[in-house]
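One structure below.
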Amino acid sequence: MSEEKSLNFIEEIIEKDLAEGKHETITTRFPPEPNGYLHIGHAKSICLNFGLAIKYGGSTNLRFDDTNPVTEETEYVESIKEDIKWLGFNWANEFYASDYFEQLYQFAVKLINKGLAYVDDSTSEEIAQQKGSPTIPGVRNKFADRTIDENLQLFTEMRNGKYADGKKVLRAKVDMSSPNMHMRDPILYRIKHAHHHRTGDKWCIYPMYDFAHGQSDSIEKITHSICTLEFIPHRELYNWLIEKLEIFPSHQYEFARLNVTYTVMSKRKLLQLVNEKHVTGWDDPRMPTICGMRRRGYGAAALRDFCDKIGIAKRENLIDIGLLEFCVREELNKIALRRMVVFNPLKITITNFDKDVEFVSIEDNPEDENTTHRQVPFSKEIYIEQDDFMEVPPKKYFRLFPGGKVRLKGAYIIQCDEVVKDNAGNVVELKCTYFPESKSGNDTSGIQVKGTLHWVSIAHAVNAEVRMYDRLFKVENVAEAERDFKDYINPNSLEIINKVYAEPALAKDSFDQRFQFLRKGYFCLDKDSTTDKLIFNRTVTLKDTWAKEVKKVN
RNA sequence: UGGCCUAUAGUAUAAUGGUAGUACGACAGAUUUUGGUUCUGUUUGUCUUGGUUCGAAUCCAGGUAGGCCAACCA
């Protein structure tokens, strides 16, 4: 029996619209501007728009809002499509606002003919000045009095390239004293003699967001046009234009954008991180971009689950990055292959082990009832982690210490007999004995131990590089911190361990596999790996209650 | 000295005039050949002041706090 999940406010609106017969089905759209890579905030919007259409049997268009040729590039178009597909969604149609340039132009002509738009020769400074302020009404200038014919001719000349950038704009004639600044005769078209990534040099006038977005929605018969809160003031203009143009009445709804602790979400800041080399690129595993998270090893299902868990509302929010990590772990725990890798080796010689090698069988994933097993070589000389031995153990320490016993995962119980030190007094080796009757799976020794350690046979170890990532910023709320965001960059967000020691099975595994390095965390192969050099990214750590315990004492 | 949006545990999010619930976190315990996983339990909340009502997180009014709006960006 599963409880009915409550609806968010947009689902309520949709169910009401459907119930009242306002629409037979719904159509949504995801409208990125191709001027950057998608990030986790876009993932929230993608999951919402596509998820709604799936839930209510409608469809979703992918529409590139490419009305500003100077910032947009084909490279971004391709990455956006790849990321959406990877997230697991399919768009009904791939559209571009630039597909509608001719139609949009005709809409503008229609407004001019209705006496609702005029060509203004003022400079941008003059226009800003005449606009007034939220508390001071704006004033209309003489250009607003031009005749329809004059406006028609001027607008045609603008299109034909007669004027230089900035010399003229087309404005809607709305209300210069509106308390909503967006209604004070907003600019509809501006002149830009720039090359567009799709239309080339065909156009030298380009519609503004407000004269492209709602009209594109309408052309595509989008029923629910969902955007973020900062577009609320645009809605009045959105509706005004649809009404005056007498076109399909799409409706705009707004929800709160996603913010996540210890990271930034604005394209401007992300671009800066890339350009100024604070990260290696858009797909740096520390980036909140979808491609960065993908490279880091986050699963698409985990991202979708996260978007589902954070909910949709109109309240400003700051989501704990821990929730994302929880979703990532939850997915990985079910699918990751368990492997043993020693990062910081301490040699152990098992003095009473006389065979060259013994293969022990260890399950690939204990969470899976039908798990496969692998054969792991065990020998006289092995490595364990330096952390897993202490000469003077604190209370509740389950690991190795002089005279103490632990189990080696999947193999035998050993006892530490002797500590070997170098001249400086550092522990360099442990001499241990093993209990032959304690073999994993048929232990008849009766010995109880608290700790189980991961280990690797020295002679059989495979080397690899490991890249461990931490949060990119040192403060929770980067956007609200008083200084420039770059002052808060975490200098230790990347730690590279050049040489770790892995069990041999890891050398045979591949890029689409996910691993849990036992007691270490989840890892995946990085694209920088070559045939003779394995490089792993730490996707996320395991929960570590012992580390927390140690921290509490100190 | 304008308009608009918002306010529920630490963080998010539900309850649509009728028992304030869920997830993450935190804490405690059980299980465990990963100090992982799993399981159990505990903890903490309706911004404020009035009003309407048998009954208010919900409706109304005032206040307070936070956010957004004056790009030829989207």
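Order of the sequence lines fixes the chain letters, A, B, ..., with proteins taken first and strands second; residue numbering starts at 1 for each chain.
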- Message: For a quick check under 3.5 Å, do T444(A) and N442(A) share a side-chain donor-acceptor pair by atom type?
- Response: no
- Ranking E549(A) and I310(A) by the position along RNA chain B of their nearest nucleotide, the one closer to 5' is I310(A)
- P gap between U46(B) and G10(B), integer Å: 9 Å
- Item | Distance between C1' atoms of U37(B) and C73(B) (Å, rounded) | 49 Å
- Message: Tell me whether R257(A) at atom CZ has more than 12 heavy atoms from other residues, nucleotides or ligands lying less than 6.0 Å away.
- Response: no
- Separation of E476(A) atom CD from C24(B) atom P, in whole Å? 19 Å
- Task: Write down the distance separating the P atoms in U40(B) and C47(B), rounded off to the nearest Å.
- Result: 31 Å
- Message: Using side-chain heavy atoms (C-beta onward) and a distance below 4.5 Å, is E367(A) in contact with R338(A)?
- Response: yes
- Item | Protein-nucleotide distance (K405(A), atom NZ; U33(B), atom C1'), rounded to Å | 17 Å
- How far, in whole Å, is U11(B) from G66(B) if one measures between their P atoms? 16 Å
- Taking the six-membered ring where the residue is Trp, are the ring centres of Y238(A) and H234(A) under 6.0 Å apart? no
- Query: Can you tell me how far C1' in A14(B) sits from the matching atom in U52(B), rounded to whole Å?
  - Reply: 26 Å
- Message: Measuring centre to centre across the rings, with the benzene-like ring taken for any Trp, is Y434(A) within less than 6.0 Å of F353(A)?
- Response: yes
- Roughly how many Å is it from CG in D308(A) to P in A12(B), rounded to a whole number? 18 Å
- Looking at CZ of F30(A) and CD1 of I84(A), how far apart are the two atoms once the value is rounded to the nearest 0.5 Å? 5.0 Å
- Report yes if a side-chain nitrogen or oxygen of K548(A) is closer than 4.0 Å to either non-bridging phosphate oxygen (OP1 or OP2) of C27(B); otherwise report no. yes
- How about K167(A): does its NZ atom have over 12 heavy atoms from other parts shown lying under 6.0 Å from it? no
- Note on the structure: Residue set satisfying side-chain contact (heavy atoms from CB on, under 4.5 Å) with L542(A), at least two apart, ordered chain then number -> Q516(A), Y522(A)
- Message: For Q129(A), is the CD atom crowded, meaning more than 12 foreign heavy atoms sit under 6.0 Å from it?
- Response: no
- For K314(A), which contact category applies under a 4.0 Å heavy-atom criterion: base, sugar-phosphate, or nothing? sugar-phosphate
- Query: If you look at every strand shown and take non-hydrogen atoms under 4.0 Å, does Q516(A) touch a base, only sugar-phosphate, or nothing?
  - Reply: base
- Between C4(B), A14(B), A12(B), which nucleotide has the shortest distance from any of its atoms to the side chain of N8(A)? A14(B)
- Query: Looking at side-chain heavy atoms only, is the closest gap between H196(A) and F101(A) below 4.5 Å?
  - Reply: yes
- State whether the distance check finds a donor on one side and an acceptor on the other, under 3.5 Å, for side chain R407(A) versus base U33(B). yes
- Looking for any heavy atom pair under 4.0 Å, which part of the strands does Y397(A) touch: base, sugar-phosphate only, or nothing? base
- Item | Pairing string, 5' to 3', for RNA chain B - Watson-Crick or wobble contacts under 3.5 Å, brackets [ ] where pairs cross, | to another strand | .((((((..((((....[..)))).(((((.......)))))....(((((..]....))))))))))).....
- Item | Contacts of K551(A) that satisfy salt bridge (charged side-chain N to carboxylate O under 4.0 Å, His left out) - sequence neighbours left out | none
- Item | Integer angstrom distance from the P of U1(B) to that of U64(B) | 12 Å
- Message: Using a 4.0 Å heavy-atom cut-off to protein, can you give one letter per nucleotide of nucleotides 67-74 of chain B, 5' to 3': B if the base is in contact, S if only the sugar-phosphate is, - if neither?
- Response: SSSB-BSB
- For residues 184-197 of chain A, which residue pairs qualify under salt bridge (charged side-chain N to carboxylate O under 4.0 Å, His left out), counting only residues two or more places apart or in two chains? R140(A)-D185(A)
- Picking from G35(B), U13(B), U34(B), the nucleotide nearest the side-chain atoms of W546(A) would be G35(B)
- Task: Write down the distance between NZ (K334(A)) and C1' (U38(B)), rounded to a whole number of angstrom.
- Result: 13 Å
- Item | Atom-pair distance (OH on Y262(A); P on U11(B)), nearest Å | 13 Å
- Message: What's I312(A) touching, base or sugar-phosphate or nothing? Going by heavy atoms closer than 4.0 Å.
- Response: sugar-phosphate
- Would you please indicate yes or no on a ring centroid separation below 6.0 angstrom for F255(A) and F9(A)? no
- Interatomic distance, L258(A) CG vs U13(B) C1' [rounded to whole Å]: 14 Å
- Message: So, taking the atom named OG1 in T539(A) and the one named CE in M468(A), what distance separates them when rounded to the nearest 0.5 Å?
- Response: 12.5 Å
- Task: Would you kindly give the CG-to-C1' distance between D387(A) and U34(B), to the nearest whole Å?
- Result: 15 Å
- Task: Can you tell me the distance, in whole Å, between the CG atom of N477(A) and the C1' atom of U11(B)?
- Result: 12 Å
- Query: So, does the side chain of E367(A) form a donor-acceptor pair with the base of U38(B) at under 3.5 Å?
  - Reply: no
- Distance between the C1' atoms of A56(B) and G3(B), in whole angstroms? 29 Å
- Query: Touch check for G441(A), heavy atoms < 4.0 angstrom, all strands: base, sugar-phosphate only, or nothing?
  - Reply: base
- Note on the structure: Numerically ordered, the residues 318-333 of chain A set in heavy-atom contact under 4.0 Å with RNA chain B is L318(A), I319(A), D320(A), L323(A), F326(A), N333(A)
- Item | Spacing of the C1' atoms in G25(B) and U19(B) (rounded, Å) | 26 Å
- Query: Touch check for R184(A), heavy atoms < 4.0 angstrom, all strands: base, sugar-phosphate only, or nothing?
  - Reply: nothing
- Message: At less than 3.5 Å, do the side-chain atoms of S440(A) and the base atoms of U33(B) form a donor-acceptor pair?
- Response: yes
- Scan G410(A) against the nucleic acid and name what it touches under 4.0 Å (heavy atoms): base, sugar-phosphate only, or nothing. base
